[in-house]
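In what follows, every chain begins at residue 1, and chains take the letters A, B, ... in the order their sequences are listed.
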Protein chains: 2
Amino acid sequence: MRGAETKAEIIAVADRLFYQGGFEHTSFAEIAAAVNIARGNFYYHFKSKDEILAAVIARRMASTTALLESWRREIDSPRARLSAFVNILAANGDKIMRYGCPVGSLATELSKLMHAAREAAVGLFDLFRDFLAEQFAALGCAKAEALALHLLMRSQGVAVLATAYRDPDYVAAEMAAMEDWIDREIARGTAARA
Amino acid sequence: MRGAETKAEIIAVADRLFYQGGFEHTSFAEIAAAVNIARGNFYYHFKSKDEILAAVIARRMASTTALLESWRREIDSPRARLSAFVNILAANGDKIMRYGCPVGSLATELSKLMHAAREAAVGLFDLFRDFLAEQFAALGCAKAEALALHLLMRSQGVAVLATAYRDPDYVAAEMAAMEDWIDREIARGTAARA
DNA sequence: GGAGAATTAGGACGAGTGACCTAATCCGTC
DNA sequence: GACGGATTAGGTCACTCGTCCTAATTCTCC
């Protein structure tokens with residue numbers, strides 16, 4: 001069973017390093033140093049670097065699914081669940097200002113590389129999109145998926161500008177604007193039903 | 001004078017390849033093959049890869065400045081100038097869906113690399129921000145710079161999701177939403193003045 | 001047309017890359 | 001406590017990377 005633990009540790013470290021430095025920029029040597037294992041030893045656990053990437057994406061899919069599931073379970077109102085999403089920007093502000101959004105930056109990098117794992121990486125967006133659409137639908141909004149994509153788009157835009165300008169005040173302002181937009185859309189949805 | 005032409009060609013090709021494949025992923029060999037010159041020969045024109053990056057950023061600053069200047073000169077109304085900005089998303093749609101936004105993706109990559117040229121790359125955002133703020137101010141909007149950053153943020157968010165989902169219809173929908181938002185902000189500005 | 005500078009061709013260098021291998025070591029099972 | 005599969009250590013492989021040289025070539029100007 002020790003092997004499984006080592007493998008999980010490699011994936012966890014690779015996950016962090018892929019985020020912080022980018023997939024291609026991160027070398028086996030770097031991961032090995034962080035995990036404290038011999039460099040050539042990766043090939044007992046993974047056949048290639050692409051296989052590590054696939055494992056990292058799978059790990060992110062699992063952890064994101066778990067996060068969204070906990071929100072569905074522990075947060076009562078759909079409106080508050082939307083705020084939970086928006087608040088990611090504040091909770092991870094420091095990391096976002098240095099490394100961008102892990103989902104968006106990976107998808108963009110893999111797209112530039114024309115990497116086969118691009119579509120798998122986009123699956124992370126799907127998780128958030130579906131979660132958000134669920135909440136908008138529960139709030140009685142028509143075209144819930146379009147609203148979900150719009151909110152996703154805003155979080156990505158804020159992440160990019162946060163990385164560029166590194167201004168926490170700007171991020172806070174856009175978060176407030178997102179909350180306002182959500183409330184307006186909900187109001188529009190209930191008005192349409194009346 | 002032949003040297004200057006070769007240098008300019010190297011910069012132009014590097015510009016394209018840095019955009020399409022990313023800065024770090026693009027090698028001298030790749031650039032050399034595209035320019036049809038000997039690989040080791042770069043060091044007559046540039047002392048290092050970072051120097052090529054600096055030249056590419058300078059080139060983008062110049063071409064962006066020229067583009068915005070032409071808009072200021074040839075487009076009469078500030079409102080139409082804002083539309084010109086939004087329309088970049090349609091005009092460059094195919095490239096954006098494959099490689100993302102050249103400004104945003106470079107800034108994010110350099111941030112991950114903790115590269116010294118990061119701040120210079122962010123200067124490209126400044127050009128657009130100032131241009132947009134100028135137009136909002138001319139339209140009588142208060143907090144023109146905040147509105148400019150918001151529009152910039154949206155274009156970045158759309159670029160990231162366009163790269164992820166590669167759906168032209170989604171891009172078109174967000175462009176329309178951006179136009180609506182602009183009109184509402186202008187209306188708000190004139191109402192406040194009345 | 002010849003001197004001298006600008007430019008190019010064509011490697012070579014050490015370091016680092018992902019990939020691969022084999023021998024040693026660990027550890028649960030009988 | 002010896003066996004056998006699971007795991008690790010550590011080194012090697014071919015290759016590419018950015019960088020750097022030097023010799024040849026081209027161009028400019030007297």
Side-chain angles (χ1 to χ4, degrees), chain A residues 1-58 106 109-110 112-118 120-121, chain B residues 1-58 106 109-110 112-118 120-121:
Chain A
M1 254 301 128
R2 275 253 309 297
E5 285 173 27
T6 302
K7 188 165 183 171
E9 198 185 350
I10 291 174
I11 297 172
V13 167
D15 190 347
R16 196 187 85 238
L17 294 178
F18 285 177
Y19 171 40
Q20 294 177 349
F23 166 64
E24 213 181 16
H25 173 258
T26 302
S27 67
F28 283 123
E30 212 176 335
I31 302 173
V35 185
N36 253 342
I37 65 169
R39 192 157 78 270
N41 217 1
F42 280 99
Y43 288 77
Y44 174 73
H45 300 284
F46 304 95
K47 287 203 303 288
S48 69
K49 197 180 179 185
D50 287 352
E51 204 168 284
I52 299 187
L53 174 61
V56 166
I57 292 174
L106 181 63
E109 180 181 1
L110 295 183
K112 275 186 203 280
L113 298 178
M114 291 184 287
H115 196 288
R118 188 192 77 89
Chain B
M1 254 298 132
R2 275 256 309 296
E5 285 172 26
T6 302
K7 188 166 184 172
E9 198 184 350
I10 291 174
I11 297 171
V13 167
D15 190 347
R16 196 187 83 239
L17 294 178
F18 285 177
Y19 171 42
Q20 295 178 348
F23 166 64
E24 211 179 19
H25 173 258
T26 302
S27 67
F28 283 122
E30 211 175 337
I31 303 174
V35 184
N36 252 341
I37 63 169
R39 187 159 84 271
N41 217 1
F42 280 98
Y43 285 77
Y44 175 74
H45 300 285
F46 302 96
K47 287 203 303 286
S48 70
K49 196 179 180 185
D50 288 351
E51 203 168 286
I52 298 187
L53 175 61
V56 166
I57 292 174
L106 181 64
E109 180 182 1
L110 295 183
K112 275 187 202 281
L113 299 178
M114 292 184 285
H115 196 289
R118 187 192 75 89

Does the ring center of B:Phe28 lie less than 6.0 Å from the ring center of B:Tyr43? yes
Take atom CZ of B:Phe42 and atom P of D:dC17, then tell me their distance rounded to the nearest Å. 11 Å
From the list C:dC20, D:dC20, D:dC17, which nucleotide is the closest neighbour of the side chain of B:Tyr43? D:dC20
Euclidean distance, atom CD of residue A:Glu5 to atom C1' of C:dC27 [Å, nearest integer]: 14 Å
Do A:Ile11 and A:His45 make a side-chain contact, defined as non-hydrogen atoms from C-beta onward lying under 4.5 Å apart? no
If the cut-off is 4.0 Å, is B:Thr6 near the phosphate of C:dT7, judged by side-chain N/O to OP1 or OP2? no
Quick test: give all pairs of protein nitrogen or oxygen and nucleotides 11-14 of chain D nitrogen or oxygen below 3.5 Å, distance rounded to 0.1 Å.
residue	atom	partner	partner atom	Å
D:dG11	O6	A:Gly40	N	3.3

B:Glu24 CD to D:dT16 C1': how many Å, rounded? 14 Å
Given 3.5 Å as the limit, does a donor-acceptor pair link the side chain of A:Thr26 with the main chain of A:Leu17, or not? yes
With a 4.0 Å heavy-atom cut-off, tell me which residues in residues 44-53 of chain B come close to DNA chain C, sorted by residue number. B:Tyr44, B:His45
Under 4.0 angstrom between B:Ser27 side-chain N/O and D:dC17 OP1 or OP2: yes
Expressed as a whole number of angstroms, how long is the span from A:Ile10:CD1 to D:dA9:C1'? 14 Å
May I have the distance from A:Leu17 (atom CG) to C:dT17 (atom C1'), rounded to whole angstrom? 16 Å
d(B:Ile52 CD1, B:Ile57 CD1) to nearest 0.5 Å is 12.5 Å
When the distance from CG of B:Asn36 to C1' of C:dG10 is rounded to whole Å, what number comes out? 15 Å
note: A:Ile31, atom CD1; C:dT17, atom P; distance rounded to Å ~ 11 Å
Does A:Arg39 have more than 12 heavy atoms from other residues, nucleotides or ligands lying within 6.0 Å of its CZ? no
Atom-to-atom span, CZ of B:Phe28 to P of C:dT17 - whole angstrom: 17 Å
Spacing of CG belonging to B:Leu110 relative to CZ belonging to B:Arg118, to within rounding of 0.5 Å: 9.0 Å
Could you tell me if A:Lys49 sits above the aromatic ring of A:Phe23, with its cationic atom closer than 6.0 Å to the ring centre and no more than 45 degrees from the axis? yes
Would B:Lys7 pass as a cation-pi partner of B:Phe46, given that its NZ or CZ must be under 6.0 Å from the six-membered ring centre and within 45 degrees of the axis? yes
Side-chain donor/acceptor of A:Glu109 to backbone N/O of B:Glu109, under 3.5 Å: no
